[in-house]
Amino acid sequence: MPTNCAAAGCATTYNKHINISFHRFPLDPKRRKEWVRLLRRKNFVPGKHTFLCSKHFEASCFDLTGQTRRLKMDAVPTIFDFCNHLKSMKLKSRNLLKKNNTCTPTGPSNLKSNISSQQVLLEHSYAFRNPMEAKKRIIKLEKEIASLRKKMKTCLQKERRATRRWIKATCLVKNLEANNILPKGTSEHILPTALSSLPLEDFKILEQEQQDKTLSIL
């Protein structure tokens with residue numbers, strides 16, 4: 001029987017008089033990993049008796065055809081209040097910081113300096129620890145961006161080549177139909193609907209535009 005919810009900051013506990021259901025983590029490794037990822041709890045590993053309450057699921061995630069409320073096979077938790085949880089964690093950290101500072105005997109100037117530096121670290125814990133680490137990260141991101149741009153350029157080139165092939169093939173089939181070499185209606189059977197419905201003159205214009213683009217690139 002479930003006792004509480006595993007979501008961070010969720011204080012919901014099991015109560016048979018409240019219309020809130022509890023659901024185990026899925027056994028399927030992929031779905032289980034996705035639930036854990038959405039939970040955003042560091043080093044969290046769900047066990048056999050780990051549950052999430054129904055507050056964290058959209059209404060469309062539930063199968064209400066039976067007597068009990070069950071989750072659908074593709075249901076994932078998407079409703080979380082991370083802001084309040086982070087605020088409470090931040091408040092606890094500040095209280096702990098103040099407690100440590102009052103217990104450590106230091107001079108007035110050193111005490112002020114320690115509090116100031118520790119508060120900066122607390123408020124900006126997302127920052128890099130030193131400039132070299134930031135520089136390495138920037139270099140890594142620039143390389144990733146350059147790689148993605150190269151891949152995008154390759155994809156665009158492939159798309160242009162594929163488009164030219166389709167236009168040439170469509171022109172050929174329609175020309176053969178126009179010259180009665182192929183039976184009428186052949187294009188409707190072997191070409192996609194979007195291409196077969198266009199007149200031959202439009203394809204000739206497209207083909208000429210593609211050739212002009214190729215010459216301008218060269």
Side-chain angles (χ1 to χ4, degrees), residues 1-104 114-115 117-130 132-148 151-152 155:
M1 182 179 293
T3 55
N4 54 11
C5 180
C10 183
T12 305
T13 56
Y14 176 74
N15 188 335
K16 63 181 181 180
H17 300 295
I18 300 176
N19 188 26
I20 296 177
S21 56
F22 283 77
H23 306 275
R24 296 181 190 272
F25 278 68
L27 297 176
D28 178 65
K30 289 184 179 180
R31 289 186 62 222
R32 191 182 187 88
K33 186 177 179 180
E34 180 65 9
W35 279 36
V36 172
R37 185 186 71 80
L38 292 170
L39 215 59
R40 295 190 194 176
R41 288 184 57 179
K42 189 176 182 181
N43 300 325
F44 174 72
V45 179
K48 187 169 67 172
H49 301 291
T50 307
F51 297 84
L52 282 182
C53 71
S54 54
K55 288 182 178 180
H56 306 292
F57 297 88
E58 300 282 351
S60 59
C61 293
F62 295 99
D63 180 5
L64 305 177
T65 55
Q67 294 181 349
T68 58
R69 179 163 54 182
R70 294 171 299 179
L71 285 175
K72 295 179 181 179
M73 290 298 296
D74 58 347
V76 291
T78 54
I79 305 173
F80 297 101
D81 193 2
F82 293 115
C83 292
N84 288 337
H85 173 62
L86 291 175
K87 285 179 183 177
S88 64
M89 292 292 289
K90 194 174 182 181
L91 184 61
K92 288 179 182 178
S93 300
R94 284 180 175 172
N95 292 336
L96 182 62
L97 180 63
K98 290 179 182 178
K99 184 178 179 181
N100 290 338
N101 287 334
T102 54
C103 294
T104 306
N114 288 339
I115 292 175
S117 61
Q118 288 175 354
Q119 282 180 343
V120 169
L121 289 174
L122 182 65
E123 295 290 342
H124 301 278
S125 58
Y126 56 83
F128 294 105
R129 286 171 289 187
N130 55 67
M132 287 302 297
E133 185 179 347
K135 186 176 180 180
K136 288 179 181 178
R137 180 62 176 162
I138 291 170
I139 292 171
K140 183 181 178 183
L141 289 173
E142 286 177 344
K143 288 181 179 179
E144 289 178 1
I145 291 170
S147 176
L148 289 172
K151 289 179 180 178
M152 184 175 68
C155 289

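In what follows, residues are counted from 1 in the order of the sequence shown.
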Distance-only, no hydrogens or angles: does the [X] side chain make a donor-acceptor pair with backbone N or O of [Y] under 3.5 Å?
{"X": "R41", "Y": "A7", "answer": "no"}
{"X": "R32", "Y": "P26", "answer": "yes"}
{"X": "R40", "Y": "A8", "answer": "no"}

[X] side chain near [Y] side chain, heavy-atom distance below 4.5 Å:
{"X": "R69", "Y": "S54", "result": "yes"}
{"X": "T12", "Y": "I18", "result": "no"}
{"X": "P46", "Y": "V36", "result": "yes"}
{"X": "L71", "Y": "F62", "result": "yes"}

To the nearest 0.5 Å, what is the distance between [atom1] ([X]) and [atom2] ([Y])?
{"X": "I20", "Y": "T13", "atom1": "CD1", "atom2": "OG1", "answer": "8.5 Å"}
{"X": "H56", "Y": "C10", "atom1": "NE2", "atom2": "SG", "answer": "3.5 Å"}
{"X": "L148", "Y": "L141", "atom1": "CG", "atom2": "CG", "answer": "10.5 Å"}
{"X": "H49", "Y": "F25", "atom1": "NE2", "atom2": "CZ", "answer": "14.0 Å"}

With [X] via side-chain contact (heavy atoms from CB on, under 4.5 Å) - residues at least two apart:
{"X": "K140", "value": "R137, E144"}
{"X": "K72", "value": "D63, D74"}
{"X": "T78", "value": "E58, V76"}
{"X": "I139", "value": "K135, K143"}

side-chain hydrogen bond (donor to acceptor under 3.5 Å, both in side chains) with E34: which residues, sequence neighbours excluded? R37

Who passes side-chain hydrogen bond (donor to acceptor under 3.5 Å, both in side chains) against H23, sequence neighbours left out? S21

What is the minimum heavy-atom distance between C5 and F22, and which atoms define it? N-CE2, 3.8 Å

Restricting to non-hydrogen atoms, name the atom on L38 and the atom on F80 that form the minimum distance, rounded to 0.1 Å. O-CE1, 3.6 Å

Does F57 form a ring pair (Phe, Tyr, Trp, His ring centres under 6.0 Å) with W35? I'd like the steps, not just the answer. CA-CA 11 Å; F57 297 88; W35 279 36; 5.3 Å; yes

